[in-house]
Amino acid sequence: MARSARKADGESNEPGERAGDFRRSRTIRFSDSEWQLVEDAALRQGIPASQLVRAATLAAAEERLDRPAGTALSPGHVALIEDIYRGVYLLTTLRGQELIHAKRKEELDEIVKDGRKAMTEALGEGPK
């Protein structure tokens, strides 16, 4: 990399990095079949292979492999989640109307309460 393209001393590559803590290229060896696995996994995540390797390595070094990755979802995953949400919302709305018309509002209220509790727990916002 040309000196003019490098970060000035004290500047970092990423937000949150310490000043002077810029990234340097490192060499790491993979067999062709290993690298293909890495590239396939990165493709599924919608990120470059180098980003996947860096994130996984840092997660292992920081002993946080059990936590979700901080990578963004691919547009395909986002669309799938939106479609599923719409379908669940539609079915839930229809079932709720059926329960109300059948004079079973208490049952509906209990289902809604259980759903909210499950969502809160799944998002890590409450007791489990």
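Note: hydrogens, waters and symmetry copies are ignored here, and every other heavy atom, side chains too, is used.
Here Thr92 contributes atom OG1 and Gln97 contributes atom CD; the two are 11.0 Å apart, rounded to the nearest 0.5 Å. Taken from OH in Tyr85 to CG in Leu80, the straight-line distance is 15.5 Å, to the nearest 0.5 Å. Rounding to the nearest 0.5 Å places OG of Ser50 at 14.5 Å from CZ of Arg26. Considering CG of Leu99 and CD of Glu110, their distance stands at 12.5 Å, rounded to 0.5 Å. In this structure, CZ on Arg95 lies 6.5 Å from CD on Glu107, to the nearest 0.5 angstrom. Taken from CG in Leu108 to NZ in Lys103, the straight-line distance is 14.0 Å, to the nearest 0.5 Å.
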Task: Evaluation steps, side chain to side chain contact (heavy atoms under 4.5 Å, CB included), between Glu98 and Arg104 - done: CA-CA 9 Å; Glu98 288 175 9; Arg104 295 169 58 190; over 6 Å; no
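By the 4.5 Å side-chain criterion applied to Ile, Leu, Val, Met, Phe, Trp and Tyr, Leu90 is assigned to a cluster that also includes Leu94.
Applying the ring-ring contact (aromatic ring centres under 6.0 Å, His included) test to residues at least two apart or on different chains, none of the pairs has a partner in residues 90-119.
With hydrogens and angles disregarded, a donor-acceptor distance shorter than 3.5 Å links the side chain of Glu34 to the backbone of Ser31.
Between Ile84 and Tyr89 the shortest side-chain heavy-atom distance does not fall below 4.5 Å.
The closest side-chain donor-acceptor pair between Asp40 and Gln36 falls under 3.5 angstrom.
Hydrophobic clustering, with ILVMFWY side chains joined whenever heavy atoms are under 4.5 angstrom apart, groups Ile111 together with Ile100.
At a threshold of 4.0 Å, the pair Lys105-Asp109 counts as salt-bridged, since one of the basic side-chain nitrogens sits closer than that to a carboxylate oxygen. Salt-bridge formation is detected for the pair Arg86/Asp83: a Lys NZ or Arg NE/NH1/NH2 atom is positioned less than 4.0 Å from an Asp or Glu carboxylate oxygen.
When all heavy atoms are compared, the tightest approach of Ala41 to Leu52 is CB-CD2, 3.6 Å.
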